[in-house]
Amino acid sequence: MNRKMVFDIPEEIIHILDILNKNGFSAYIVGGCVRDILLGQTPKDWDITTDAKPEDVKRFFPRVFETGINHGTVTAVINDTNYEITTFRTSTYEETSTLTEDLSLRDFTINAIAYHPQEGIIDPFSGISDLEKSTIRAVGNPHDRFEEDPLRMLRAVRFSSTLGFKIDDSVLSSIKENCSKIEKVSVERIRDELSKILTSDRPEEFVTLRETGLLKHILPEFDICFDITQNHPYHIYNVAMHTLRTVSSIEKNTALRWTMLLHDTGKAVTKTTDNKGIDHFYGHQKKSMDIAKRVLERYKFDNATTQKILILIKYHDMRINPDNKSVRKAVSKMGEDIFPDLLKVQKADKSGQNPEYFDEGTAILNKIQEIYLDIKKNNQCLTIKDLAINGDDLLAMGFEQGRDMGVVLKMLLNAVLENPELNTKEKLMELADDLENSFYK
Ligand code: ATP
Ligand code: MG
């Protein structure tokens, strides 16, 4: 590779490097953005490293805020985009550091390359050679690096899943040795790396988490699924391998991918084998939901995401018949917003099962989707709010506010879900009247 090659980098970055240089400081782009450019990808964000201290950096740019002043990071805002400018990393309590020292403190060689438009590429740890070999190798001794920050072990697996790189043997064996130290890392940092692995092109890298021993320390609930075989005509994989296939099959959305990861964890605690040798997992949906709740709370997921994932897991096996009435009832039960996601979950679940049943199952789900779209198009009643009658109408008819009213509205909704033609004010009043008579008799 030509070390003098010229990168196509945004004007704003050139501007930042220029200002720092004109004031007598050195400055480079570094880390993920350099790696991504060398791989021919567009960087998601730009990191700049400099020998200027945050106080200096703040003087040079009109719009800055302190994002991680303890780590020496200042964020400059230029044309509404944020650029992180960080003072050279230092390992000691020394005041000053150098670019090489900064690079030596980064995790992997492919992340330890710097670039400057006039100086070209600075690559003291042979990151380019590892990029060419598609290899993840530690800067320095992996054992020490993982001791300093055990999250790096998880990052190694993350980069292998996002980039499709192989993890160098020295790194792998060092992860195996140090895997238990991952428990010292904050749940937020672990969660974010796991989400990146899950939403990558290769979520099956979870197998590497299992093989290195990391998995049993961060997700023991899923780790044991590798030991749960399924002798059943619908299944040809153990629970974990089935699960990973379903994860790959669903779109790259964080909530949906976590849903698939956790949807069958209850199988590990519900397995029974009948006298023909067939395995059953009665009630695993509810158990999976309980386990997922524990995991999501432990990893501090926000409430909305947690609730969504739990509902999808609870109903992941819900049998819906491909007819109007069944679909209306299912949509009403699940909630309209979440129903399309349930269909995605059920489709993904099919791709992890015995391929022999795939086409048939998928055809049914497609039919259900069609019916759902039709129901939406025709604005059919799905909730109490959609009824042609409301609480005030019932009050006027003499019903009492409170529980009774709630029960009647629910019964009216059920009737309308059975038969949408009942959704007129007149018919529902008639029906309510009948109910009232049976109620108070
Ligand atoms: P992404 O594409 O996800 O942004 P990235 O490599 O840019 O990947 P960041 O977490 O944004 O990862 O970190 C930016 C850079 O900081 C990395 O490329 C690496 O040089 C360094 N770095 C980040 N986290 C660590 C760590 N835990 N230990 C050592 N160096 C790290
Ligand atoms: Mg980055």
Side-chain angles (χ1 to χ4, degrees), residues 187 190-191 194-195 197-198 203-204 206-207 209-210 214-250 253-274 276-320 330 333-335 338-339 341-354 357 361 365:
V187 290
I190 294 176
R191 177 198 61 208
L194 288 175
S195 290
I197 297 173
L198 282 175
E204 61 275 13
F206 259 72
V207 170
L209 293 180
R210 157 89 173 176
L214 284 169
L215 196 58
K216 66 174 179 291
H217 296 286
I218 51 184
L219 274 180
E221 299 88 347
F222 183 61
D223 189 61
I224 56 173
C225 293
F226 280 91
D227 302 320
I228 310 296
T229 52
Q230 318 189 77
N231 182 23
H232 191 284
Y234 283 170
H235 284 287
I236 54 174
Y237 307 106
N238 69 43
V239 173
M241 293 315 284
H242 154 73
T243 295
L244 292 177
R245 292 183 71 96
T246 69
V247 172
S248 314
S249 307
I250 207 157
N253 166 284
T254 306
L256 292 179
R257 291 217 154 175
W258 274 94
T259 301
M260 295 329 292
L261 183 74
L262 300 172
H263 81 283
D264 268 351
T265 44
K267 284 190 169 175
V269 293
T270 53
K271 178 168 164 172
T272 55
T273 306
D274 67 20
K276 296 197 185 80
I278 306 289
D279 296 326
H280 300 278
F281 304 92
Y282 299 118
H284 78 274
Q285 299 86 343
K286 171 76 174 61
K287 289 281 184 219
S288 299
M289 196 173 116
D290 295 343
I291 292 168
K293 184 161 189 284
R294 238 180 24 234
V295 170
L296 298 170
E297 278 172 1
R298 181 165 86 235
Y299 280 111
K300 300 193 177 159
F301 275 83
D302 64 90
N303 262 336
T305 307
T306 304
Q307 286 317 315
K308 178 176 171 177
I309 295 174
L310 295 184
I311 292 182
L312 289 171
I313 292 178
K314 180 174 178 187
Y315 293 117
H316 78 264
D317 263 346
M318 178 165 53
R319 273 287 192 92
I320 311 165
K333 190 161 165 180
M334 290 280 305
I338 205 168
F339 188 77
D341 284 337
L342 180 74
L343 291 182
K344 290 177 193 167
V345 167
Q346 294 202 339
K347 275 190 193 174
D349 206 6
K350 289 272 170 294
S351 5
Q353 293 172 357
N354 190 339
Y357 299 98
L365 289 169

So, do [X] and [Y] sit near enough that their side-chain heavy atoms are less than 4.5 Å apart?
X: Tyr299; Y: Thr306; result: no
X: Asp349; Y: His316; result: yes
X: Leu219; Y: Leu261; result: yes
X: Leu215; Y: Phe226; result: yes
X: Gln230; Y: Phe281; result: yes

Within the distance-only criterion (no hydrogens, no angle test), does the side chain of [X] pair as donor or acceptor with the backbone N or O of [Y] below 3.5 angstrom?
X: Asn354; Y: Tyr357; result: no
X: Thr305; Y: Phe301; result: no
X: Asp264; Y: Lys267; result: no
X: Asn231; Y: Gly277; result: yes

Rounded to the nearest 0.5 Å, what separates atom [atom1] in [X] from atom [atom2] in [Y]?
X: Arg298; Y: Glu221; atom1: CZ; atom2: CD; result: 4.0 Å
X: Leu296; Y: Lys308; atom1: CG; atom2: NZ; result: 13.0 Å
X: Leu312; Y: Met318; atom1: CG; atom2: CE; result: 10.0 Å
X: Met241; Y: Glu204; atom1: CE; atom2: CD; result: 8.5 Å
X: Ile309; Y: Ser288; atom1: CD1; atom2: OG; result: 13.0 Å
X: Ile236; Y: His242; atom1: CD1; atom2: NE2; result: 11.0 Å

Provide the closest heavy-atom pair for [X] versus [Y] in the form atom of the first, atom of the second, distance.
X: Lys350; Y: Leu365; answer: CG-CD1, 4.1 Å
X: Ala348; Y: Thr246; answer: O-CG2, 3.4 Å
X: Ser248; Y: Pro203; answer: OG-CG, 3.6 Å

Q. Can you name the ring-ring contact (aromatic ring centres under 6.0 Å, His included) partners of Tyr237, sequence neighbours left out?
A. none
Q: Classify the side-chain pair Asp279/Thr273 by whether it contains a donor and acceptor separated by less than 3.5 Å.
A: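 There is such a pair (donor and acceptor under 3.5 Å, judged by atom type) between the side chains of Asp279 and Thr273.
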Q) In terms of side-chain heavy atoms, does Lys271 have a donor or acceptor partner in Thr229 at a distance below 3.5 Å? A)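 Distance-only check passes for Lys271 and Thr229.
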Q: Check the pair Ile338, Tyr315 against side-chain contact (heavy atoms from CB on, under 4.5 Å), reporting the backbone distance first and the verdict last.
A: CA-CA 11 Å; Ile338 205 168; Tyr315 293 117; over 6 Å; no
**Q.** With Asp223, the side chain to side chain donor-acceptor pair (under 3.5 Å) member among Arg210, His217, Lys216
**A.** Arg210
Q) Can Ile228 and Asn238 be said to form a side-chain contact (heavy atoms from CB on, under 4.5 Å), step by step? A) CA-CA 6 Å; Ile228 310 296; Asn238 69 43; 5.8 Å; no
Q: Inspect the surroundings of NZ in Lys347 and state if more than 12 heavy atoms from other residues, nucleotides or ligands are less than 6.0 Å away.
A: yes
Q: Using the test side-chain contact (heavy atoms from CB on, under 4.5 Å), find all partners of Asp274 that sit at least two apart in sequence or belong to another chain.
A: Lys276, Ile278, His280
Q. Stepwise, does the side-chain contact (heavy atoms from CB on, under 4.5 Å) test hold for Thr259 with Ile250?
A. CA-CA 10 Å; Thr259 301; Ile250 207 157; over 6 Å; no
Q.
Applying side-chain contact (heavy atoms from CB on, under 4.5 Å) to Phe222 and Val295, what does each step give before you reach the verdict?
A. CA-CA 10 Å; Phe222 183 61; Val295 170; over 6 Å; no
(Q) Using the rule side-chain contact (heavy atoms from CB on, under 4.5 Å), only one of Val247, Thr243, Leu244, Leu198 pairs with Met260; which is it? (A) Val247
Q) Thinking salt bridges, do Asp290 and Lys293 make one under a 4.0 Å N-O criterion? A) no
